[in-house]
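Being a predicted model, the structure only gives us computed values, none of them experimental. Both backbone and side-chain heavy atoms feed into the values below; hydrogens, waters and symmetry mates do not. Quick note on labels: first sequence line is chain A, next is B, and so on, each numbered from 1.
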2 protein chains.
Amino acid sequence: MAAQQGRRTGGARQRLVAVALDLFARHGISGTSLQMIADRLGVTKAAVYHQFPSKDEIVQAVIAPALQGLGAVADAAEARESRAGRRDAALAGLADLIVRNRRLAAMLYSDPVIAGLIRDHPVLRGLSDRITVLLTGPDPDAETLVAASMVGGGLAAAGVDPRLAGLPDDTMRALLLATARRTLRIGPARRSAAPIRPAGRDTAA
Amino acid sequence: MAAQQGRRTGGARQRLVAVALDLFARHGISGTSLQMIADRLGVTKAAVYHQFPSKDEIVQAVIAPALQGLGAVADAAEARESRAGRRDAALAGLADLIVRNRRLAAMLYSDPVIAGLIRDHPVLRGLSDRITVLLTGPDPDAETLVAASMVGGGLAAAGVDPRLAGLPDDTMRALLLATARRTLRIGPARRSAAPIRPAGRDTAA
DNA sequence: GTCTATACGCTGATAGAC
DNA sequence: GTCTATCAGCGTATAGAC
(Lines give C-alpha, C1' and ligand atoms only; values in the text may rest on other atoms or scores of the structure.)
Protein backbone atom coordinates (compact mmCIF):
# COMPACT_ATOMS: atom_id res chain seq x y z
CA MET A 1 0.00 0.00 0.00
CA ALA A 2 1.83 3.20 1.06
CA ALA A 3 0.18 5.34 -1.57
CA GLN A 4 2.18 5.92 -4.73
CA GLN A 5 5.38 7.47 -3.56
CA GLY A 6 6.57 7.34 -7.16
CA ARG A 7 4.34 10.17 -8.33
CA ARG A 8 6.93 12.90 -8.56
CA THR A 9 4.61 15.29 -10.33
CA GLY A 10 1.81 14.77 -7.82
CA GLY A 11 1.80 17.59 -5.28
CA ALA A 12 2.67 17.01 -1.65
CA ARG A 13 -0.86 18.05 -0.90
CA GLN A 14 -2.33 15.19 -2.88
CA ARG A 15 -0.12 12.64 -1.19
CA LEU A 16 -1.09 14.03 2.18
CA VAL A 17 -4.80 13.73 1.44
CA ALA A 18 -4.28 10.17 0.21
CA VAL A 19 -2.50 8.96 3.35
CA ALA A 20 -4.95 10.87 5.53
CA LEU A 21 -7.85 9.04 3.89
CA ASP A 22 -6.15 5.71 4.46
CA LEU A 23 -5.46 6.45 8.12
CA PHE A 24 -8.89 7.95 8.75
CA ALA A 25 -10.53 4.85 7.29
CA ARG A 26 -8.39 2.55 9.43
CA HIS A 27 -8.31 4.33 12.76
CA GLY A 28 -11.14 6.81 12.50
CA ILE A 29 -10.64 10.57 12.38
CA SER A 30 -10.27 11.00 16.14
CA GLY A 31 -7.93 8.03 16.22
CA THR A 32 -5.61 9.57 13.66
CA SER A 33 -3.06 12.13 14.83
CA LEU A 34 -1.14 14.57 12.72
CA GLN A 35 1.95 12.73 13.92
CA MET A 36 0.70 9.54 12.27
CA ILE A 37 0.10 11.37 9.01
CA ALA A 38 3.52 12.98 9.15
CA ASP A 39 5.23 9.69 9.94
CA ARG A 40 3.54 7.95 7.05
CA LEU A 41 4.71 10.72 4.73
CA GLY A 42 8.21 10.65 6.18
CA VAL A 43 8.04 14.30 7.20
CA THR A 44 7.49 16.21 10.41
CA LYS A 45 4.27 17.59 11.83
CA ALA A 46 5.32 21.09 10.88
CA ALA A 47 5.46 20.07 7.25
CA VAL A 48 1.88 18.88 7.52
CA TYR A 49 0.89 22.22 9.00
CA HIS A 50 2.49 23.94 6.07
CA GLN A 51 -0.04 22.26 3.75
CA PHE A 52 -3.12 22.65 5.92
CA PRO A 53 -3.77 25.16 8.68
CA SER A 54 -5.59 22.62 10.86
CA LYS A 55 -6.64 19.00 11.14
CA ASP A 56 -10.18 20.04 10.37
CA GLU A 57 -9.13 21.35 6.97
CA ILE A 58 -7.49 18.01 6.22
CA VAL A 59 -10.76 16.27 7.00
CA GLN A 60 -12.54 18.70 4.72
CA ALA A 61 -10.11 18.04 1.89
CA VAL A 62 -10.45 14.28 2.32
CA ILE A 63 -14.23 14.21 2.14
CA ALA A 64 -14.55 16.93 -0.51
CA PRO A 65 -14.58 14.58 -3.53
CA ALA A 66 -17.24 12.41 -1.92
CA LEU A 67 -19.43 15.41 -1.18
CA GLN A 68 -18.97 16.65 -4.71
CA GLY A 69 -19.88 13.20 -5.99
CA LEU A 70 -22.97 13.01 -3.81
CA GLY A 71 -24.02 16.45 -4.95
CA ALA A 72 -23.65 15.47 -8.60
CA VAL A 73 -25.66 12.30 -8.03
CA ALA A 74 -28.43 14.25 -6.31
CA ASP A 75 -28.47 16.91 -9.05
CA ALA A 76 -28.69 14.34 -11.82
CA ALA A 77 -31.33 12.30 -10.04
CA GLU A 78 -33.53 15.29 -9.24
CA ALA A 79 -33.55 16.22 -12.92
CA ARG A 80 -35.53 13.08 -13.75
CA GLU A 81 -39.22 13.48 -14.35
CA SER A 82 -40.75 10.46 -12.69
CA ARG A 83 -40.33 9.53 -9.08
CA ALA A 84 -39.19 6.04 -10.04
CA GLY A 85 -36.64 7.59 -12.38
CA ARG A 86 -35.28 9.82 -9.63
CA ARG A 87 -35.08 6.90 -7.23
CA ASP A 88 -33.36 4.67 -9.79
CA ALA A 89 -30.86 7.32 -10.76
CA ALA A 90 -30.02 8.07 -7.14
CA LEU A 91 -29.54 4.40 -6.35
CA ALA A 92 -27.37 3.74 -9.36
CA GLY A 93 -25.32 6.84 -8.65
CA LEU A 94 -24.84 5.82 -5.02
CA ALA A 95 -23.73 2.30 -5.91
CA ASP A 96 -21.29 3.70 -8.42
CA LEU A 97 -19.89 6.22 -5.93
CA ILE A 98 -19.40 3.51 -3.32
CA VAL A 99 -17.59 1.20 -5.70
CA ARG A 100 -15.19 3.87 -6.86
CA ASN A 101 -14.59 5.32 -3.40
CA ARG A 102 -15.01 2.31 -1.17
CA ARG A 103 -13.23 3.43 1.96
CA LEU A 104 -14.22 7.06 1.67
CA ALA A 105 -17.89 6.17 1.47
CA ALA A 106 -17.70 4.02 4.57
CA MET A 107 -15.88 6.75 6.44
CA LEU A 108 -18.54 9.27 5.49
CA TYR A 109 -21.21 6.95 6.74
CA SER A 110 -19.73 5.75 10.00
CA ASP A 111 -17.22 8.17 11.50
CA PRO A 112 -18.64 10.03 14.50
CA VAL A 113 -16.76 13.18 13.51
CA ILE A 114 -18.50 13.18 10.14
CA ALA A 115 -21.81 12.52 11.85
CA GLY A 116 -21.23 15.64 13.92
CA LEU A 117 -20.32 17.60 10.82
CA ILE A 118 -23.55 16.54 9.12
CA ARG A 119 -25.53 17.33 12.25
CA ASP A 120 -24.14 20.84 12.48
CA HIS A 121 -23.41 21.92 8.93
CA PRO A 122 -26.64 22.92 7.10
CA VAL A 123 -25.27 22.24 3.62
CA LEU A 124 -24.19 18.68 4.46
CA ARG A 125 -27.43 18.03 6.24
CA GLY A 126 -29.37 19.22 3.24
CA LEU A 127 -27.41 16.93 0.95
CA SER A 128 -28.12 13.98 3.19
CA ASP A 129 -31.82 14.84 3.24
CA ARG A 130 -31.97 15.19 -0.54
CA ILE A 131 -30.60 11.68 -1.01
CA THR A 132 -33.09 10.29 1.49
CA VAL A 133 -36.02 11.92 -0.28
CA LEU A 134 -34.80 10.65 -3.63
CA LEU A 135 -34.74 7.11 -2.30
CA THR A 136 -37.95 7.10 -0.28
CA GLY A 137 -40.18 9.75 -1.82
CA PRO A 138 -41.71 12.64 0.11
CA ASP A 139 -43.73 10.89 2.84
CA PRO A 140 -42.28 7.44 3.45
CA ASP A 141 -43.97 4.91 5.72
CA ALA A 142 -42.00 3.05 8.38
CA GLU A 143 -41.33 0.11 6.10
CA THR A 144 -39.81 2.25 3.36
CA LEU A 145 -37.80 4.20 5.89
CA VAL A 146 -36.32 1.04 7.38
CA ALA A 147 -35.48 -0.28 3.93
CA ALA A 148 -33.81 2.99 2.91
CA SER A 149 -31.84 3.12 6.14
CA MET A 150 -30.64 -0.44 5.67
CA VAL A 151 -29.70 0.22 2.06
CA GLY A 152 -27.62 3.23 3.02
CA GLY A 153 -25.79 1.45 5.79
CA GLY A 154 -25.54 -1.73 3.76
CA LEU A 155 -23.97 -0.05 0.76
CA ALA A 156 -21.38 1.65 2.95
CA ALA A 157 -20.66 -1.55 4.89
CA ALA A 158 -20.22 -3.58 1.71
CA GLY A 159 -17.86 -0.92 0.41
CA VAL A 160 -15.31 -1.60 3.13
CA ASP A 161 -15.96 -5.28 3.74
CA PRO A 162 -12.57 -6.99 3.35
CA ARG A 163 -14.30 -10.13 2.09
CA LEU A 164 -15.53 -8.11 -0.90
CA ALA A 165 -12.32 -6.19 -1.51
CA GLY A 166 -11.30 -8.59 -4.25
CA LEU A 167 -14.49 -8.23 -6.29
CA PRO A 168 -14.01 -6.39 -9.61
CA ASP A 169 -15.67 -2.99 -9.70
CA ASP A 170 -18.17 -3.94 -12.39
CA THR A 171 -19.31 -7.04 -10.54
CA MET A 172 -19.46 -5.17 -7.28
CA ARG A 173 -21.50 -2.34 -8.74
CA ALA A 174 -23.99 -4.71 -10.34
CA LEU A 175 -24.40 -6.77 -7.17
CA LEU A 176 -24.77 -3.73 -4.95
CA LEU A 177 -27.41 -2.27 -7.22
CA ALA A 178 -29.37 -5.49 -7.58
CA THR A 179 -29.29 -6.20 -3.84
CA ALA A 180 -30.25 -2.65 -2.93
CA ARG A 181 -33.17 -2.71 -5.36
CA ARG A 182 -34.36 -5.98 -3.88
CA THR A 183 -34.17 -4.51 -0.39
CA LEU A 184 -36.25 -1.56 -1.55
CA ARG A 185 -38.75 -3.84 -3.31
CA ILE A 186 -37.86 -2.54 -6.76
CA GLY A 187 -37.66 -4.73 -9.82
CA PRO A 188 -34.42 -5.32 -11.76
CA ALA A 189 -32.71 -2.14 -12.95
CA ARG A 190 -33.45 -0.84 -16.44
CA ARG A 191 -30.61 0.20 -18.67
CA SER A 192 -31.55 3.86 -18.47
CA ALA A 193 -30.15 4.37 -15.01
CA ALA A 194 -26.56 4.89 -16.06
CA PRO A 195 -24.02 5.93 -13.41
CA ILE A 196 -22.46 9.37 -13.38
CA ARG A 197 -18.75 10.14 -13.17
CA PRO A 198 -18.26 12.82 -10.58
CA ALA A 199 -15.42 12.00 -8.20
CA GLY A 200 -12.05 10.36 -8.59
CA ARG A 201 -11.31 6.92 -7.28
CA ASP A 202 -9.81 6.16 -3.90
CA THR A 203 -6.06 6.04 -3.89
CA ALA A 204 -5.02 2.43 -3.50
CA ALA A 205 -4.99 1.15 0.07
CA MET B 1 -17.55 -10.03 32.66
CA ALA B 2 -19.05 -7.90 35.41
CA ALA B 3 -22.68 -8.20 34.44
CA GLN B 4 -24.38 -8.44 37.80
CA GLN B 5 -22.30 -6.67 40.38
CA GLY B 6 -23.83 -6.80 43.84
CA ARG B 7 -26.77 -4.43 43.53
CA ARG B 8 -25.59 -1.84 46.09
CA THR B 9 -21.86 -1.87 45.60
CA GLY B 10 -22.04 -1.94 41.80
CA GLY B 11 -24.20 1.11 41.34
CA ALA B 12 -21.41 3.47 40.41
CA ARG B 13 -19.93 0.92 38.06
CA GLN B 14 -23.22 0.47 36.25
CA ARG B 15 -23.72 4.19 35.86
CA LEU B 16 -20.20 4.53 34.52
CA VAL B 17 -20.74 1.86 31.90
CA ALA B 18 -24.03 3.46 30.90
CA VAL B 19 -22.58 6.93 30.33
CA ALA B 20 -19.54 5.42 28.62
CA LEU B 21 -21.80 3.63 26.15
CA ASP B 22 -23.66 6.84 25.44
CA LEU B 23 -20.47 8.82 24.88
CA PHE B 24 -18.82 6.07 22.83
CA ALA B 25 -21.87 5.89 20.58
CA ARG B 26 -21.90 9.66 20.12
CA HIS B 27 -18.22 10.49 19.76
CA GLY B 28 -16.60 7.14 19.07
CA ILE B 29 -14.23 5.42 21.46
CA SER B 30 -11.16 7.40 20.44
CA GLY B 31 -13.20 10.58 20.61
CA THR B 32 -14.25 9.93 24.19
CA SER B 33 -11.83 10.85 26.97
CA LEU B 34 -11.91 9.69 30.56
CA GLN B 35 -12.42 13.35 31.43
CA MET B 36 -15.67 13.40 29.47
CA ILE B 37 -16.89 10.30 31.29
CA ALA B 38 -15.91 11.76 34.65
CA ASP B 39 -17.58 15.11 33.89
CA ARG B 40 -20.80 13.41 32.85
CA LEU B 41 -20.78 11.48 36.12
CA GLY B 42 -19.93 14.59 38.08
CA VAL B 43 -16.75 13.09 39.48
CA THR B 44 -13.03 13.32 38.76
CA LYS B 45 -10.90 11.14 36.53
CA ALA B 46 -9.39 9.46 39.57
CA ALA B 47 -12.81 8.23 40.59
CA VAL B 48 -13.18 6.65 37.18
CA TYR B 49 -9.81 4.96 37.62
CA HIS B 50 -11.03 3.57 40.90
CA GLN B 51 -13.70 1.58 39.02
CA PHE B 52 -11.63 0.50 36.04
CA PRO B 53 -7.85 0.17 35.80
CA SER B 54 -7.77 1.47 32.23
CA LYS B 55 -9.86 2.87 29.41
CA ASP B 56 -9.54 -0.44 27.63
CA GLU B 57 -11.32 -2.22 30.46
CA ILE B 58 -14.18 0.26 30.22
CA VAL B 59 -14.53 -0.55 26.55
CA GLN B 60 -14.53 -4.23 27.40
CA ALA B 61 -17.25 -3.75 30.01
CA VAL B 62 -19.38 -1.74 27.59
CA ILE B 63 -19.32 -4.28 24.79
CA ALA B 64 -19.51 -7.35 27.03
CA PRO B 65 -23.31 -7.70 26.98
CA ALA B 66 -23.37 -7.43 23.19
CA LEU B 67 -20.70 -10.10 22.83
CA GLN B 68 -22.56 -12.31 25.25
CA GLY B 69 -25.73 -11.75 23.25
CA LEU B 70 -24.03 -12.54 19.95
CA GLY B 71 -22.54 -15.69 21.45
CA ALA B 72 -25.96 -16.83 22.67
CA VAL B 73 -27.49 -16.15 19.24
CA ALA B 74 -24.74 -18.11 17.52
CA ASP B 75 -25.03 -21.00 19.99
CA ALA B 76 -28.79 -21.23 19.57
CA ALA B 77 -28.63 -20.95 15.80
CA GLU B 78 -25.92 -23.57 15.42
CA ALA B 79 -28.07 -26.01 17.36
CA ARG B 80 -30.62 -26.07 14.54
CA GLU B 81 -30.57 -29.04 12.23
CA SER B 82 -31.22 -27.55 8.81
CA ARG B 83 -29.15 -24.85 7.20
CA ALA B 84 -32.24 -22.74 6.59
CA GLY B 85 -33.14 -23.14 10.25
CA ARG B 86 -29.69 -21.99 11.36
CA ARG B 87 -29.85 -19.01 9.02
CA ASP B 88 -33.34 -18.04 10.13
CA ALA B 89 -32.48 -18.33 13.81
CA ALA B 90 -29.32 -16.27 13.39
CA LEU B 91 -31.17 -13.57 11.49
CA ALA B 92 -34.02 -13.37 13.98
CA GLY B 93 -31.56 -13.31 16.87
CA LEU B 94 -29.55 -10.54 15.25
CA ALA B 95 -32.59 -8.39 14.58
CA ASP B 96 -33.72 -8.85 18.15
CA LEU B 97 -30.29 -7.97 19.54
CA ILE B 98 -30.13 -4.82 17.44
CA VAL B 99 -33.55 -3.65 18.52
CA ARG B 100 -32.83 -4.12 22.19
CA ASN B 101 -29.32 -2.67 22.03
CA ARG B 102 -29.59 -0.15 19.24
CA ARG B 103 -26.63 2.07 19.95
CA LEU B 104 -24.39 -0.69 21.21
CA ALA B 105 -24.91 -2.73 18.06
CA ALA B 106 -23.99 0.18 15.85
CA MET B 107 -20.90 0.90 17.91
CA LEU B 108 -19.79 -2.71 17.61
CA TYR B 109 -20.23 -2.54 13.88
CA SER B 110 -18.67 0.79 13.07
CA ASP B 111 -16.08 1.89 15.62
CA PRO B 112 -12.52 1.54 14.34
CA VAL B 113 -11.30 0.57 17.80
CA ILE B 114 -13.73 -2.35 17.85
CA ALA B 115 -12.68 -3.28 14.34
CA GLY B 116 -9.11 -3.48 15.58
CA LEU B 117 -10.21 -5.57 18.54
CA ILE B 118 -11.98 -8.02 16.24
CA ARG B 119 -9.00 -8.10 13.91
CA ASP B 120 -6.58 -8.96 16.72
CA HIS B 121 -8.58 -10.92 19.25
CA PRO B 122 -9.07 -14.55 18.10
CA VAL B 123 -12.23 -15.11 20.13
CA LEU B 124 -14.00 -12.07 18.73
CA ARG B 125 -12.87 -12.89 15.24
CA GLY B 126 -14.23 -16.41 15.63
CA LEU B 127 -17.58 -15.07 16.81
CA SER B 128 -17.80 -12.77 13.82
CA ASP B 129 -16.95 -15.63 11.47
CA ARG B 130 -19.54 -17.91 13.06
CA ILE B 131 -22.30 -15.37 12.41
CA THR B 132 -21.20 -14.94 8.82
CA VAL B 133 -21.26 -18.68 8.17
CA LEU B 134 -24.68 -18.96 9.77
CA LEU B 135 -26.03 -16.31 7.39
CA THR B 136 -24.32 -17.36 4.18
CA GLY B 137 -23.58 -21.07 4.54
CA PRO B 138 -20.13 -22.61 4.15
CA ASP B 139 -19.11 -21.56 0.61
CA PRO B 140 -21.02 -18.42 -0.37
CA ASP B 141 -20.89 -16.98 -3.88
CA ALA B 142 -20.24 -13.28 -4.43
CA GLU B 143 -23.93 -12.46 -4.59
CA THR B 144 -24.67 -14.06 -1.22
CA LEU B 145 -21.61 -12.44 0.32
CA VAL B 146 -22.67 -8.99 -0.84
CA ALA B 147 -26.19 -9.55 0.48
CA ALA B 148 -24.89 -10.74 3.85
CA SER B 149 -22.52 -7.80 4.11
CA MET B 150 -25.29 -5.36 3.32
CA VAL B 151 -27.62 -7.00 5.80
CA GLY B 152 -25.06 -6.75 8.57
CA GLY B 153 -24.28 -3.12 7.90
CA GLY B 154 -27.90 -2.32 7.23
CA LEU B 155 -29.14 -3.77 10.49
CA ALA B 156 -26.55 -1.82 12.45
CA ALA B 157 -27.26 1.39 10.53
CA ALA B 158 -30.99 1.10 11.05
CA GLY B 159 -30.38 0.53 14.75
CA VAL B 160 -28.96 4.01 15.23
CA ASP B 161 -30.87 5.87 12.55
CA PRO B 162 -32.49 8.82 14.35
CA ARG B 163 -35.40 8.71 11.89
CA LEU B 164 -36.23 5.25 13.24
CA ALA B 165 -35.63 5.99 16.90
CA GLY B 166 -39.34 6.51 17.50
CA LEU B 167 -40.41 3.15 16.11
CA PRO B 168 -41.70 0.74 18.78
CA ASP B 169 -39.43 -2.24 19.34
CA ASP B 170 -41.92 -4.79 18.05
CA THR B 171 -42.50 -2.90 14.81
CA MET B 172 -38.83 -2.28 14.38
CA ARG B 173 -37.93 -5.92 14.94
CA ALA B 174 -40.52 -7.12 12.45
CA LEU B 175 -39.49 -4.62 9.78
CA LEU B 176 -35.78 -5.33 10.23
CA LEU B 177 -36.35 -9.04 9.92
CA ALA B 178 -38.63 -8.78 6.89
CA THR B 179 -36.31 -6.39 5.08
CA ALA B 180 -33.21 -8.45 5.87
CA ARG B 181 -34.89 -11.61 4.61
CA ARG B 182 -35.87 -9.86 1.41
CA THR B 183 -32.30 -8.68 0.93
CA LEU B 184 -31.08 -12.25 1.39
CA ARG B 185 -33.75 -13.60 -0.98
CA ILE B 186 -35.53 -15.53 1.74
CA GLY B 187 -39.29 -15.83 1.97
CA PRO B 188 -41.35 -14.44 4.86
CA ALA B 189 -40.24 -15.63 8.29
CA ARG B 190 -41.94 -18.65 9.81
CA ARG B 191 -43.11 -18.55 13.39
CA SER B 192 -40.45 -21.00 14.51
CA ALA B 193 -37.61 -18.50 14.44
CA ALA B 194 -38.31 -16.97 17.83
CA PRO B 195 -35.79 -14.48 19.24
CA ILE B 196 -33.61 -15.31 22.20
CA ARG B 197 -33.20 -13.18 25.32
CA PRO B 198 -29.52 -12.90 26.07
CA ALA B 199 -28.46 -9.34 26.89
CA GLY B 200 -30.10 -6.46 28.70
CA ARG B 201 -31.39 -3.42 26.93
CA ASP B 202 -29.38 -0.26 26.33
CA THR B 203 -29.50 2.12 29.23
CA ALA B 204 -31.44 5.20 28.20
CA ALA B 205 -29.42 8.08 26.75
C1' DG C 1 8.63 22.85 1.20
C1' DT C 2 10.78 21.18 4.84
C1' DC C 3 13.17 21.57 9.02
C1' DT C 4 14.08 22.47 14.48
C1' DA C 5 12.33 24.25 18.43
C1' DT C 6 8.78 25.39 21.28
C1' DA C 7 4.19 26.44 23.58
C1' DC C 8 0.61 24.68 26.25
C1' DG C 9 -3.61 22.11 27.17
C1' DC C 10 -5.27 17.58 27.61
C1' DT C 11 -4.44 12.54 27.66
C1' DG C 12 -4.20 8.22 30.20
C1' DA C 13 -2.38 6.91 34.43
C1' DT C 14 -0.38 6.82 39.56
C1' DA C 15 0.07 7.95 44.65
C1' DG C 16 -1.77 8.94 48.76
C1' DA C 17 -5.24 11.64 51.92
C1' DC C 18 -10.05 11.55 53.56
C1' DG D 1 -15.67 5.79 46.77
C1' DT D 2 -14.13 9.98 46.12
C1' DC D 3 -10.84 13.47 46.46
C1' DT D 4 -6.28 16.50 45.41
C1' DA D 5 -1.97 16.50 43.39
C1' DT D 6 1.09 15.08 40.11
C1' DC D 7 3.33 12.67 36.17
C1' DA D 8 5.19 11.88 31.42
C1' DG D 9 3.65 11.89 26.93
C1' DC D 10 1.08 13.33 23.13
C1' DG D 11 -2.37 16.44 20.97
C1' DT D 12 -2.84 20.62 17.99
C1' DA D 13 -0.70 24.62 16.79
C1' DT D 14 3.02 28.53 16.11
C1' DA D 15 7.63 30.89 15.03
C1' DG D 16 11.41 31.24 12.53
C1' DA D 17 15.75 29.14 10.19
C1' DC D 18 17.29 26.87 5.85
Among A/R83, A/R80, A/R181, find the one that has a salt bridge (charged side-chain N to carboxylate O under 4.0 Å, His left out) with A/D88.
A/R181
Taking atom [atom2] of [N] as reference, at what distance in whole Å does atom [atom1] of [X] sit?
{"X": "B/H27", "N": "C/dT11", "atom1": "NE2", "atom2": "C1'", "answer": "16 Å"}
{"X": "B/I37", "N": "C/dA13", "atom1": "CD1", "atom2": "P", "answer": "11 Å"}
{"X": "A/R13", "N": "C/dG1", "atom1": "CZ", "atom2": "P", "answer": "10 Å"}

Using the side-chain heavy atoms of A/T44, tell me which of these nucleotides is nearest: C/dT2, D/dC3, C/dT4.
C/dT4
Let's see if you can work this out: which of C/dG12, D/dC3, D/dG1 has an atom nearest to the side-chain heavy atoms of B/A12?
D/dG1
Is there a side chain to side chain contact (heavy atoms under 4.5 Å, CB included) between B/L167 and A/L145? Walk through the geometry before answering.
CA-CA 11 Å; B/L167 275 189; A/L145 218 45; over 6 Å; no
Sequence neighbours excluded - side chain to side chain donor-acceptor pair (under 3.5 Å) pairs with any residue from residues 124-149 of chain B:
A/D161-B/S149, A/R163-B/T132, B/D75-B/R130, B/E78-B/R130, B/D141-B/T144, B/E143-B/R185
Decide yes or no on salt bridge (Lys or Arg N to Asp or Glu O under 4.0 Å) for B/R173 and B/D169, but give the supporting numbers first.
CA-CA 6 Å; B/R173 178 166 29 230; B/D169 283 1; 5.8 Å; no
Taking the side chain from A/T32 and the backbone from A/G28, do they hold a donor-acceptor pair closer than 3.5 Å?
yes
Check whether any side-chain nitrogen or oxygen of A/Q35 sits under 4.0 Å from OP1 or OP2 of D/dT12, and answer yes or no.
no
Contact class for A/S30 (heavy atom, under 4.0 Å): base, sugar-phosphate, or nothing?
nothing
Separation between CD1 of B/I58 and CG of B/L16, rounded to the nearest 0.5 Å
5.5 Å
Within the 4.0 Å limit for protein heavy atoms, which parts of nucleotides 13-18 of chain D are touched? Write it as a string from 5' to 3', B for base, S for sugar-phosphate only, - for none.
BBB---
